[in-house]
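In each ligand, atom 1 is the first atom listed, and ligand 1 is the first ligand listed. In this chain, numbering begins with 1 at the start of the sequence shown.
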Amino acid sequence: MNKNISSLYKIAQKETRKIIGLMSGTSLDGLDIALCAISGAGENTAVKILEFETINYTEDIKTEIRKVFAQKTIDFQHLGLLNEWIGLLHAGMVNDCLKKWNIPAHEVDLIASHGQTVLHAPKFLHQQEKFPNATLQIGDGDHIAVKTGIITLSDFRQKHVAAGGEGAPLAVYGDYLLFSKKGENRIMLNMGGIANFTYLPASLNAEEVFVTDTGTANTLIDIFTKQYFPEKSYDKDAEIAQSGTVNQTLLSELKNDAFFRKSFPKTIGQELFNKGFVDSALSKTNLENISAPDLLATLTRLSAETIAEAIQFVVKNTGAPITDFKVYISGGGTNNPLLVKWLKELLPCEFQKSDDLGILSDAKEAVLFAVLANETVAGGDYNFGTNKGIPSVTMGKISFPN
Ligand SMILES: Nc1ncnc2c1ncn2[C@@H]1O[C@H](COP(=O)(O)OP(=O)(O)OP(=O)(O)O)[C@@H](O)[C@H]1O
Ligand SMILES: CC(=O)N[C@H]1[C@@H]2OC[C@@H](O2)[C@@H](O)[C@@H]1O[C@H](C)C(=O)O
C-alpha cells in the first residue's frame with residue numbers, strides 16, 4: 001500500500017485527530033489558523049481548539065489578491081501565479097505558527113485549507129444558461145502539503161457545486177454537527193464580508209436544517225470607509241455610522257436589488273456587493289453628495305435589515321414564534337455595536353455569541369473547515385434530504401506531502 005494511503009487509513013481510525021483549519025475570508029483581512037483536537041465524527045463530533053491565531057495579510061498580499069478578487073476582467077497570468085503564491089504563503093504561515101506553538105508537524109494529522117475565494121458566481125448572477133454555478137478558491141493544497149509535510153484537504157466548494165449546490169454556505173455541515181441542541185431552535189449567524197446563517201431546528205431533524213447567505217454584512221461598510229478615510233480599513237466600533245442618519249430613499253433603492261427579492265436559499269459575494277452596487281444606487285437617487293456618516297449608517301442599516309428579514313423568513317416558515325429562537329453570532333460584525341443593536345431591535349429573541357457554545361467566534365469558520373476534513377476522512381454520515389441546497393456529500397481534495 002502507498003505509505004500516504006496507509007497514514008490516512010491510520011488517521012481515519014484514531015479516536016482523536018489533530019486538524020488545522022485554515023480560513024481566509026472575503027474581507028481579505030488575513031488567514032485564521034485553528035489547531036483543533038477533533039474526536040469522533042458525525043453527530044458524535046467533539047472539538048477542542050488547542051491553538052488559534054490570525055495572521056494578518058500585509059498590504060502587498062491584499063493588493064495582489066484585489067487584482068483578481070471578484071473582478072470581471074483580470075490578467076490571466078496573475079491568477080495562475082497567485083494560485084501558487086497563496087498556497088506557499090499559507091503553508092509558510094502554518095509553519096510559523098507550529099514553530100511558535102512548539103508543535104512538530106508530525107503531531108498534526110491533517111490540514112483543512114479553504115483557500116482564498118476569488119470568484120463566486122452562482123447561476124443567477126452570471127445568467128449564462130449553459131454554464132453551471134461557479135466558485136473559485138485559490139492557494140493550491142499541494143503546496144501546503146509539500147511545504148508543511150502534513151496531509152492537506154483543500155478546494156472544498158467544488159464537490160458542493162458538483163452535487164448541485166452553489167458551493168456555499170458550507171458552515172451548515174459543522175454547525176449542524178457541533179451546535180444542534182434538542183429542544184432549542186438555533187440560528188447560527190456569521191457576519192463577515194457577507195452574512196450567512198444556519199437554522200438548526202429544535203427537533204434535530206437534518207431535513208429541516210436550512211442555510212443561506214443574506215447579502216452584505218461588512219463588505220460595503222468596509223469599501224466606503226476606505227473610500228472616505230483611506231487610512232481606515234473598517235468603521236471601527238461603528239464610530240462613523242453612529243454619527244450619521246439612515247437615508248431611507250437610498251436604503252429602499254439598495255434593497256430593491258433583484259438579489260434581495262430572489263427566493264432563499266441563495267449565495268453571493270463581492271461580484272454583486274461592490275462599489276458599483278452602491279454608486280449606482282447613489283446615482284439613481286441623486287445622492288452622490290451624501291455625507292460619509294449618513295452613507296455608512298445607511299449601509300449598516302442595509303446589513304441589519306436584510307439579515308433580519310432573511311431570518312424572519314425562516315422563522316415564519318417554521319410556524320414557531322421568534323421568541324422561541326436563539327441567535328448565536330460570530331464573525332467580525334459581532335464587534336460592530338450599531339449592527340448588533342439594530343439586529344436585536346429587529347429580531348426580538350435572545351442573542352448570544354458563538355463563544356458561549358465553546359467555540360471562539362473569530363475561530364469558528366476555520367474550525368468548521370477542520371470539521372469538514374474530519375468528516376471526509378472519518379465520517380460523512382449525514383443526510384440533509386433533497387432540497388435546500390445542502391448536498392449530503394463529503395468535500396475536499398486530498399494532497400499528500402510526497
Ligand atoms: N471593532 C469592529 N467594529 C466594526 N467592525 C468590525 C470590528 N472588528 C471587525 N469588524 C468587521 O469585521 C470584518 C472582518 O470580519 P471577518 O473576519 O469575519 O470576515 P471574513 O471571514 O473575511 O468574511 P466572510 O466570512 O464573508 O468570508 C472587518 O472587515 C470589519 O468590517
Ligand atoms: C464563496 C465564498 O467564499 N463564500 C463565503 C463568503 O463568506 C460568507 C459567505 O460568503 C459564505 O457563503 C462563504 O463562507 C462561509 C465560510 C461558508 O461557506 O459557510
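Contact annotation for Thr135 and ligand 2: only side-chain heavy atoms (C-beta onward) come within less than 4.0 Å of the ligand. For Asn196, every heavy-atom contact with ligand 2 shorter than 4.0 Å involves the side chain, none the backbone.
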task: Go through the steps to decide whether Phe351 and Tyr328 satisfy the test ring-ring contact (aromatic ring centres under 6.0 Å, His included), and finish with yes or no.
output: CA-CA 6 Å; Phe351 275 72; Tyr328 290 87; 9.6 Å; no
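Counting only heavy atoms of the protein, atom 23 (O) of ligand 1 lies nearest to Gly193 N, 2.9 Å. The protein atom (non-hydrogen) at minimum distance from atom 29 (O) of ligand 1 is Asp222 OD2, 2.6 Å. Shortest contact from atom 4 (C) of ligand 1 to any protein heavy atom: Asp235 O, 3.4 Å. Looking from atom 5 (N) of ligand 1 to the surrounding protein, the closest heavy atom is Tyr234 CD1, 3.7 Å. Ser27 OG, 3.0 Å is the protein heavy atom nearest to atom 19 (O) of ligand 1. In this structure, atom 12 (O) of ligand 1 lies nearest to the protein heavy atom Gly332 CA, 3.1 Å. The nearest heavy-atom contact from the protein to atom 27 (O) of ligand 1 is Thr26 N, 2.8 Å.
Checked by atom type and distance alone, the side chain of Asp355 pairs as donor or acceptor with a backbone atom of Ser361 at under 3.5 Å. The closest donor-acceptor contact from the side chain of Glu43 to the backbone of Leu177 lies at 3.5 Å or more, if one exists at all.
The option with the heavy atom closest to atom 8 (N) of ligand 1, from among Asn335, Leu338, Thr117, is Asn335. The residue among Leu170, Thr212, Ile268 with a heavy atom at the shortest distance from atom 18 (O) of ligand 2 is Leu170.
The shell of residues lying under 4.0 angstrom from ligand 1, judged by heavy atoms, excludes Ile221.
By the 6.0 Å and 45° rule, Lys262 does not stack over the aromatic ring of Phe264.
For ligand 2, the polar-atom distance check against His120 finds no nitrogen or oxygen pair separated by under 3.5 Å. Checking only distances, Ala171 does come within under 3.5 Å of ligand 2, N or O to N or O. In terms of polar-atom proximity, Asp213 is counted as a contact of ligand 2, with an N or O under 3.5 Å from an N or O of the ligand.
Close approach of ligand 1 to Asp237 (heavy-atom distance below 4.0 Å) involves ligand atoms 1 (N), 2 (C), 3 (N), 4 (C). Of all the atoms in ligand 1, the ones that sit under 4.0 Å from a non-hydrogen atom of Asn190 are 25 (O).
Residues Tyr382 and Tyr176 place their aromatic rings such that the two centres sit no closer than 6.0 Å.
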